[in-house]
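Convention: sequence-line order gives letters A, B, ...; per-chain numbering from 1. Here the structure is a predicted model, which is why all the values come from computation and not from measurement.
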Amino acid sequence: MEEYKFNEIEKKWQDIWDRDKTFAASNKSEKPKSYFLVEFPYPSGQGLHVGHPRSYTALDILARKRRMDGYNVLYPIGWDAFGLPTENFAIKNKIHPRIVTEKNIANFKRQLKSIGFSFDWDREVNTTDPSYYKWTQWIFLQMFKKGLAYKQEMPINWCTGCKVGLANEEVVGGVCERCGSEVVQRNKSQWMLKITKYAERLISDLDETDYIEKVKTQQKNWIGRSEGAEVDFKVCGTDEKIRVYTTRPDTLFGATYMVLSPEHAMIEKLSDKITNLSAVREYQLQASKKSDFERTEIAKDKTGVPLEGIKAINPVNGDEIPVWISDYVLTTYGTGAIMAVPAHDTRDFEFAKKFGLPIIEVVGGGKNIQEEAFTDVATGVMVNSGFLTGLLVEEAKKKIIDFLEEKGVGERKVNFKLRDWVFSRQRYWGEPIPLVHCDKCGWVALPESELPLVLPEIESFEPGENGESPLAKATDWINTTCPECGGAAQRETDTMPQWAGSSWYFLRYMDPHCETALASPEALKYWSPVDWYNGGMEHTTLHLLYSRFWHKFLYDIGVVPTKEPYFKRTSHGMILGENHEKMSKSRGNVVNPDDIVNDYGADTLRTYEMFIGAFDQSTPWATQGVKGCYRFLERVWGMRELLTGGDAYSAELEKEMHKTIKKVTEDTERMKFNTAIAALMALTNDIYKLGRINKAEFKTFLTLLNPTAPHITEELWSAAGFEGQISGQKWPSYDEAKTTDNEIEIVVQICGKVKSRLMIPADMDKAEMEEFAKTNEQIKALTEGKNVVKIIAVPGKLLNIVVK
RNA sequence: GCAGACGUGGCGGAAUUGGCAGACGCGCUAGAUUAAGGUUCUAGUGUCCACCAUAACGUGAGGGUUCAAGUCCCUCCGUCUGCACCA
């Protein structure tokens, strides 16, 4: 038998696909369109991880199948190439990040090509290409013009060793991930994007999408919408009011004290009335020194200081209540102040217990509120609450808000946990922010004709002493003229975060060479939205949310035709190391896809990655398992020896063929790739048992396997002398009637225990089966001497006879 | 702490709606081929049992609903992921 030379075969077909542009998508077609998207890789120095091909193969299979279904399919790829690791490598090795990026991309491209994905390589994009980031900058400018970009003092993570601002991901256990030095908070003026303006729509428009539930839930939780009320508490002896936000206005009668965040502005206003000001100042100082890390680390133990000399008035009952400051109240959420209801909030309860503050029950039906806060809103009934007493919690909420609004001391309010997006990075390897600062005109947008604003060439990529961007050293570049008044002005030296380029890349694929717009309106209209987007769960709350935000903005200004960028979103599970741990260099359990391609071939790698386990679940790598898939493909290769004539399915295999087509078709669409492959393996076993396969059967078999193992199937197709290329064939269809047998085996149970198996006609209905049960000799024998109470018949499955 | 997912042979994992638990693959055992190893092929492979099986037991633990539970309900244990004082 001729040997299965996968290396030769794979190279051969990859060259043919390249030459013929087999998988190029057209922007004009009679066929319906289908757009499949995978997250484009960050071309790191380590090369492709076996996790990449899991997602890429899955959507490659769907894309290839959809082409066979007669669709005009777009399946593109590109490079998300700005980012820190490349920059750090560049600093360390004194190489320009562009050079590093080029090298890494070349390696990634070689690797991806070696696996035989049906990407349309003519549409390759690269976020670091000026012709690409021109449009990233353009979108930013539109946001700036619409008031969605603004500058604000923000605390950043400052590494005292490297003298660099760090991303949250780079701070591990309160110290710098790279040098181990202490990380402190430092205020820095940063560009921000108003994603919060879209919070409501980012939740509600999820209804129009077909994302897997997990993703929807995680996005909703991240955005964190809550409904409640804002309420004003007067400060005794002044005209000042402290406004709080609460989701439990119904418990207002139980508010026994208030808490302000240490940074709350009211503290300054009332400073001359506070009698323990030095203690307050000391607490504020301590709080400001704590990093976010420390604040959450010691979260369990509540601290605080009362504002002595200050009392607030509960607006519903006129009670004078004390006011405290504590860092368990966040400045950045709600109004930075709360009313504390220790009986019905666990945090307030802890605080009240620690400082001996009164606890008043206002929702009855719970446990002893001196021992534990009662927070159940579903069953509670109001007590000790004046006009609310006797109402259910939900009724009380409505009534109290009406009351507050009527009296002018509060109002209904929706809050979100979502914060605006910090958009500045003090780094070199990112898109320059296309703004200039003029003393007279303030921040001014560059004219669009000056885009792209290209990154200047500089000597050293290290950030400055005070954490300013490396671009601050490019003085020639910085000094410019104001587009508005013509006077002297300076360019912004911060760059954009990595998330910028990836927030709209799927639009560029639709028309990657367009020079007049990010993509032509026709292309956007034709391809939008992305039909199916697969990616990692780790991108749910950042990339996925950011790109939905940008897309909604582009929709609002009339650039894109749909509200949502992606219709369907699915997610793959992680591939773990052979030892069931996350793959990482430090654990030494990394598998390089190159090795698998070299030793077993791309088709084996693809098949194994799909066969390894349930697609949406994480699962360990097993090199032994790779062998199993290789053996399967070798058996497929050997099928050519079994080939006989015949243009219709043979009697022996007809049923099996129809069943398998059905199984593979349905499983593929549901991303159950592992069971689809299992079905093809089972069919292979049957074919070998039979010892032959005819032309019609072979064609169908190869077509079903083609999306998973494209090279070997192309080769076998052409070697068998079948017409054309297999990738241009139609996906096989099946006849439902032929997927079932005429006679089937059913299970006969007595009281739920399997006692026998019998053959019956497949089309027997319930009544016929019951009749059969009464007359069949074997069943009679089984129920001999017993009283038949009930017969349960499940057509096609079983008979269960209940006896006494 | 909160939210979500998961728990099935020696291993990865199957099992639309409650209806034959363990498909498919790995590994293992025996045999054939081979000078030998590897490859390949054939048969077997949940547990228990000296043996027989259309027996009994068996899907993290315990309980329940049902003619029937891996699947539904309750309690508990464990693993993973995300969030983390969001009022």
Chemist: From the options A87(B), C85(B), C26(B), select the nucleotide whose nearest atom is closest to the side chain of Asp327(A).
Modeler: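 Of the candidates, C85(B) comes closest.
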Chemist: Of the candidate nucleotides A87(B), G12(B), G27(B), which contains the atom at the shortest distance from the side chain of His580(A)?
Modeler: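 Of the options given, the side chain of His580(A) lies nearest G12(B).
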Chemist: Where the side chain of Gln749(A) is concerned, which of G19(B), C24(B), G13(B) is the nearest nucleotide?
Modeler: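 Looking only at heavy atoms from C-beta outward on Gln749(A), the closest nucleotide is G19(B).
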Chemist: For the pair Glu656(A) and Lys663(A), evaluate salt bridge (Lys or Arg N to Asp or Glu O under 4.0 Å) and give the outcome as yes or no after the intermediate values.
Modeler: CA-CA 10 Å; Glu656(A) 196 67 22; Lys663(A) 177 88 180 144; over 6 Å; no
Chemist: Can you figure out which of A68(B), A87(B), G25(B) approaches the side chain of Met681(A) most closely?
Modeler: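 The closest nucleotide is G25(B).
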Chemist: Measure from CZ on Phe416(A) to C1' on A87(B) and round the result to the nearest Å.
Modeler: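 Rounded to the whole Å, the gap is 16 Å.
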Chemist: Under 4.0 Å between a side-chain N or O of Tyr328(A) and OP1 or OP2 of A87(B)?
Modeler: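 Negative; the distance criterion is not met.
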Chemist: Using the side-chain heavy atoms of Gln617(A), tell me which of these nucleotides is nearest: C6(B), G13(B), C67(B).
Modeler: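 Closest nucleotide among those given: C6(B).
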Chemist: Considering only side-chain heavy atoms of Ala678(A), which listed nucleotide, A14(B), U16(B), C24(B), is closest?
Modeler: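 Out of A14(B), U16(B), C24(B), the nucleotide with an atom closest to Ala678(A)'s side chain is C24(B).
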Chemist: Which of the following nucleotides, A87(B), C83(B), C26(B), is nearest to the side chain of Tyr245(A)?
Modeler: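 Nearest to the side chain of Tyr245(A) among the choices is A87(B).
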Chemist: For Watson-Crick and G-U wobble pairs within 3.5 Å on both distances, what is RNA chain B written in dot-bracket notation, | included for inter-strand pairing?
Modeler: (((((((..(((......[....)))((((((.......))))))((........))..(((((..]....))))))))))))....
Chemist: Please classify the nucleic acid contact of Leu798(A) as base, sugar-phosphate, or nothing, using heavy-atom distances under 4.0 Å.
Modeler: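 Base contact - Leu798(A) has a heavy atom under 4.0 Å of at least one base atom.
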Chemist: I'd like a list of close polar pairs between nucleotides 53-55 of chain B and the protein, N/O only, cut-off under 3.5 Å.
Modeler:
from: U54(B); atom 1: O2; to: Lys755(A); atom 2: O; distance (Å): 2.2

Chemist: Would you mind classifying the nucleic acid contact of Thr332(A) as base, sugar-phosphate or nothing, using non-hydrogen atoms under 4.0 angstrom?
Modeler: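 No contact.
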Chemist: Does Ala337(A) reach a base, just sugar-phosphate, or nothing at all? Heavy atoms under 4.0 Å.
Modeler: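 Counting heavy atoms under 4.0 Å across all strands, no contact is made by Ala337(A).
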Chemist: Out of A87(B), A14(B), U40(B), which has the shortest distance to the side chain of Val329(A)?
Modeler: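 Between A87(B), A14(B), U40(B), the one nearest the side chain of Val329(A) would be A87(B).
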Chemist: Scan Lys672(A) against the nucleic acid and name what it touches under 4.0 Å (heavy atoms): base, sugar-phosphate only, or nothing.
Modeler: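 It contacts sugar-phosphate atoms only.
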Chemist: Can you tell me how far the CD1 atom of Ile212(A) sits from the OG1 atom of Thr570(A), to the nearest 0.5 Å?
Modeler: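 Rounded to the nearest 0.5 Å, the CD1-OG1 separation comes to 6.5 Å.
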Chemist: Of the listed nucleotides (G13(B), G27(B), A14(B)), which one gets closest to any side-chain atom of Pro620(A)?
Modeler: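 Output: G13(B).
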Chemist: Let's see if you can work this out: which of G4(B), A23(B), G19(B) has an atom nearest to the side-chain heavy atoms of Lys214(A)?
Modeler: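 The answer is G4(B).
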Chemist: First locate atom CG of Asp250(A), then atom CZ of Arg248(A), and finally report the distance between them rounded to the nearest 0.5 Å.
Modeler: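 Result: 4.5 Å between the selected atoms.
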Chemist: Taking atom P in both A35(B) and G60(B), compute the distance separating them and give it to the nearest angstrom.
Modeler: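 The answer is 50 Å between these two P atoms.
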Chemist: Output all residues satisfying ring-ring contact (aromatic ring centres under 6.0 Å, His included) with Phe673(A), sequence neighbours left out; order by chain, then residue number.
Modeler: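 Applying ring-ring contact (aromatic ring centres under 6.0 Å, His included) to Phe673(A) gives Phe615(A).
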Chemist: Give a yes/no on whether any side-chain N or O of Arg631(A) is located under 4.0 angstrom from OP1 or OP2 of G27(B).
Modeler: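 For Arg631(A), the contact criterion (side-chain N or O under 4.0 Å from OP1 or OP2 of G27(B)) is met.
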Chemist: Under 4.0 Å between a side-chain N or O of Arg635(A) and OP1 or OP2 of U40(B)?
Modeler: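 Checking Arg635(A) against U40(B): no side-chain N or O falls below 4.0 Å of OP1 or OP2.
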